[in-house]
S.K.: 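Shown below is the structure under consideration.
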Amino acid sequence: MVEVSEKFGKDCVLDHVAVAVDDLEQSVKTYESLGIHFKKEREVVESQGVITAFASIDENAQLELLGAHGEDGPISKFLRKKGPGIHHLCFKVPDIEAKCKELQEKGFQLLYGEPQEGAHSCRVNFIHPKSTGGVLIEISQRVGDT
Ligand code: CMX
């Protein structure tokens, strides 16, 4: 029988589910009416053209609401093209360089040659939705984690 600790890999853990929204504060209210509590802080990530709001949904995973910050970023484009909805899944990894190398060797198309700065001082990269069957996947390493 497989032990619980073996069933859940430690090298790729769900970190957050991200939802693109038209109106960040209105969407926070909508999710809070479900009983989800958002942190008060809002973080602008200039390099990604986003403003974010986070809520913990269990011990590990968060819900991230993503609003467009500026008109040229990927969220602005996504909202114009598809409208609001689920934008990406993010998995936390212990060593983003090693994971990127492994993914490239397996044929996944990564967006960046080097990890970029993401929300919460994380280093992030993305797998293009064309190489995952239609889902944008972020991989993330928290700075300071080993
Ligand atoms: N999920 C699934 N499919 C998506 C998608 C998404 N989030 N975004 C785009 N696509 C699809 C499009 O529908 C399109 O498909 P078709 O060719 O079948 O129409 C295809 O991918 C190309 O889309 P596009 O509109 O031409 O967009 P681009 O190729 O210019 O950009 C992507 C797509 C994924 C490269 C871009 O969104 C990107 O760079 N994303 C990574 C950065 C990011 O999303 N940052 C924001 C949040 C960061 C954070 O959490 O802090």
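It should be emphasised that the depicted structure is a prediction, and the values quoted were computed from it without experimental measurement. Note that the numbering runs from 1 along the sequence shown for the chain. Whatever order the structure lists them in is the order used to number ligands and atoms, beginning at 1.
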S.K.: Considering only the protein, which heavy-atom contact is closest to atom 42 (C) of ligand 1, and what is its distance?
M.R.: Gln48 OE1, 3.2 Å
S.K.: For His88, take its heavy atoms, then give the atoms of ligand 1 lying under 4.0 Å from any of them.
M.R.: 47 (C), 50 (O)
S.K.: Measuring from non-hydrogen atoms of Gly134 to any atom of ligand 1, is the shortest distance under 4.0 Å?
M.R.: yes
S.K.: Decide whether His16 and Glu138 meet the rule of one side-chain donor and one side-chain acceptor closer than 3.5 Å.
M.R.: yes
S.K.: Please write down residue, atom name and distance for the protein heavy atom closest to atom 26 (O) of ligand 1.
M.R.: Lys77 NZ, 3.4 Å
S.K.: Taking atom types as modelled and ignoring hydrogens, do the side chains of Lys99 and Gln104 form a donor-acceptor contact shorter than 3.5 angstrom?
M.R.: no
S.K.: At a 4.0 Å threshold, what atoms of ligand 1 neighbour a non-hydrogen atom of Glu138?
M.R.: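 Numbered from 1, ligand 1 contributes 50 (O).
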S.K.: Note the single closest protein heavy atom to atom 1 (N) of ligand 1, along with its residue, its atom name and the distance in Å.
M.R.: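 Ranking protein heavy atoms by distance from atom 1 (N) of ligand 1, first comes His87 O, 3.7 Å.
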S.K.: Any idea which atoms of ligand 1 are less than 4.0 Å away from a heavy-atom of Glu64?
M.R.: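 In order of numbering, the contacting atoms are 49 (C), 50 (O), 51 (O).
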S.K.: Considering only protein heavy atoms, which is closest to atom 8 (N) of ligand 1, and at what distance to one decimal place?
M.R.: Phe78 CD1, 3.8 Å
S.K.: Tell me the protein heavy atom at minimum distance from atom 29 (O) of ligand 1, and give that distance in Å.
M.R.: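 For this ligand atom, the closest protein heavy atom is His128 NE2, 4.1 Å.
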S.K.: Under the 3.5 angstrom rule, does the side chain of Asn125 hit a backbone N or O of Tyr112 as a donor-acceptor pair?
M.R.: yes
S.K.: Which of the numbered atoms in ligand 1 are under 4.0 angstrom from any heavy atom belonging to Lys81?
M.R.: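 By the 4.0 Å cutoff, the relevant atoms are 14 (C), 19 (O), 23 (O), 24 (P), 25 (O), 26 (O).
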S.K.: Among protein heavy atoms, which lies nearest atom 37 (O) of ligand 1, and at what distance?
M.R.: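 Atom 37 (O) of ligand 1 sits closest to the protein heavy atom Pro74 CB, 3.5 Å.
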S.K.: Side chains of Val44 and Val50: closer than 4.5 Å at any heavy-atom pair?
M.R.: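 A side-chain contact is absent here, since even the closest heavy-atom pair is not under 4.5 Å.
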S.K.: Where does Leu111 meet ligand 1, judged by heavy-atom distances below 4.0 Å: at the side chain, the backbone, both, or neither?
M.R.: side chain
S.K.: Whether the side chain of Glu32 engages the backbone of His37 through a donor-acceptor N/O pair (distance < 3.5 Å, no angle test) should be reported.
M.R.: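 Answer holds: no.
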S.K.: Using a 4.0 Å cut-off to any heavy atom of Tyr112, which atoms of ligand 1 qualify?
M.R.: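 That gives atoms 42 (C) of ligand 1.
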S.K.: To check your reading of the model: name the closest protein heavy atom to atom 48 (C) of ligand 1, its residue, and the distance in Å.
M.R.: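 Of the protein heavy atoms, Phe126 CZ, 3.8 Å lies nearest.
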S.K.: So, Glu97 and Arg123, do they make that salt bridge, N to O below 4.0 Å?
M.R.: yes
S.K.: What protein heavy atom sits nearest atom 20 (C) of ligand 1, and how far off is it?
M.R.: Lys130 CE, 4.1 Å
S.K.: Any non-hydrogen protein atom below 4.0 Å of atom 31 (O) of ligand 1?
M.R.: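 Given the 4.0 Å limit, the answer for atom 31 (O) of ligand 1 is no, no protein heavy atom qualifies.
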S.K.: Can you find a protein heavy atom closer to atom 22 (C) of ligand 1 than 4.0 Å?
M.R.: no
S.K.: For His120 and Phe54, take the angle between the two ring planes, folded into 0 to 90°, and tell me which bin it lands in: parallel under 30, tilted 30 to 60, perpendicular over 60.
M.R.: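 Tilted: the ring planes of His120 and Phe54 meet at 30° to 60°.
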S.K.: Minimum distance, heavy atoms only, to atom 12 (C) of ligand 1: which one of Lys82, His16, Arg80 is it?
M.R.: Lys82
S.K.: Rounded to the nearest 0.5 Å, what's the gap from CD on Glu25 to CG on Leu65? Could you check?
M.R.: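 The CG atom of Leu65 is 9.0 Å from CD of Glu25, to the nearest 0.5 Å.
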S.K.: Could you tell me whether the side chain of Leu63 reaches within less than 4.5 Å of the side chain of Tyr31, counting heavy atoms only?
M.R.: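 A side-chain contact exists here, since the closest heavy-atom pair is under 4.5 Å.
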